[in-house]
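Report on the following structure.
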Amino acid sequence: MQESITIPDIVQAKNQRKLTMLTAYDYPTALLVDKCGLDMALVGDSLAMAVLGLDDTMSVDMDIMIHHAKAVSRACKHSLVIGDMPFLSYQLSTEQAIHNAGRFLKEAGVDAVKLEGGEAILPQVQGIIRAGIPVQGHLGLTPQSAGQVGGFKVQAKTAQAAKKLIQDAQALEQAGCFSLVLEAIPAEIAAKVSSEISIPTVGIGAGADCDGQVLVFHDLVGLFEKFVPKFVKQYDNLSESIQNALLKYKQEVEQGDFPDKKHSFAADKNILQDLDK
Ligand code: KIV
């Protein structure tokens, strides 16, 4: 396996090979993502829902994101680590955006940051890139502004919205983004966006013609049961396997079968004799 994935590796993958990206929020998960050779590990703000039990992504802040990103960076030797800029960490000003993107690199050791939005946040994207920090764009369904687009719905369903999407994608490419996440977009429209720009697109609910794919780790392994979007393929049902293990443990403890001799330490016989004196 190649040592570590770089930004040029991601950019050059377009039309050569499909890119793989998965979320990771902690050290053991990131170790697995890295060991399996995925190109990118995204410390997504989806951690709010997947591991913190919150109802949306809005209430996580930079301190929480950095806490998780540190653990992921520690684990990843191969995968490129991307820190997801949380709600209100870049919307207020370009200065704020550069400051927080810088925190992600300096404090958490990530390789790049991801921001949601198109032309509306172009000054922030340009500022971060000018500061030398690689940026991944994110268009289509952008959960931080889901309220504005009527909830968690498929985007770019009209010709006008699709044109705006292409315009935003081109603006982000021109600003210097190294790749672009496309979320919840009809497959044909995502294919069109992918063919109109020279940077790779990474789709989630955006069909097979994107240049790569991303999923939330907990969705992929069947560890998030609250809701399963149409675009999620569950490759495993870890929730069931873990519950089976926990129930077996509970039963064995209650019945006195665990711990057995194999999982216990034996005292030296002399000590036992001394104790009885
Ligand atoms: O936060 C996240 O996990 C994301 C992905 C869905 C792309 O932004």
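Just so you know, residue 1 is the first one in the sequence shown, and it goes up from there. What's counted below: heavy atoms across the whole structure, side chains too, no hydrogens, waters or symmetry copies. Counting starts at 1 for both ligands and their atoms, following the listed order.
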| Contact check: S46 vs ligand 1, nitrogen or oxygen atoms, below 3.5 angstrom | yes
| message | In the structure I gave you, are the side-chain heavy atoms of D45 and F87 within less than 4.5 Å of one another anywhere? | response | no
| query | Does Y90 use its side chain to pair, donor to acceptor, with the backbone of E116 at less than 3.5 Å? | reply | yes
| message | Which of the numbered atoms in ligand 1 are under 4.0 angstrom from any heavy atom belonging to G44? | response | 1 (O), 2 (C), 3 (O)
| query | Is the shortest side-chain N to carboxylate O distance from R17 to D39 below 4.0 Å? | reply | yes
| query | Between D84 and ligand 1, does any nitrogen or oxygen pair lie at a separation below 3.5 Å? | reply | yes
| request: Please check if the side chain of K14 supplies one atom and the backbone of I199 the other of a donor-acceptor pair under 3.5 Å. | output: yes
| Would you say ligand 1 has an N or O under 3.5 Å from any N or O of K114? | yes
| remark: Note: T57, heavy atoms under 4.0 Å from ligand 1, region reported as neither
Expected list for residues 180-187: side-chain donor-acceptor pairs under 3.5 angstrom, two or more places apart:
from	atom 1	to	atom 2	distance (Å)
E183	OE1	H138	NE2	2.9

| message | List ligand 1 atoms under 4.0 Å from I204, heavy atoms only on the residue side. | response | 6 (C)
| said: Please enumerate all residues that pass ring pair (Phe, Tyr, Trp, His ring centres under 6.0 Å) together with F217, with sequence neighbours excluded. | reply: none
| query | Quick one: does H138 get within less than 4.0 Å of ligand 1, heavy atoms only? | reply | yes
| When only distance counts, is E116 in polar contact with ligand 1, meaning an N/O pair under 3.5 Å? | no
| field | Shortest protein contact, atom 5 (C) of ligand 1 (heavy atom only) | value | L42 CD2, 3.7 Å
| Is it the case that more than 12 heavy atoms not belonging to K233 sit under 6.0 Å from its NZ atom? | no
| field | Contacting atoms of ligand 1, where contact means under 4.0 angstrom from a heavy atom of T23 | value | 3 (O)
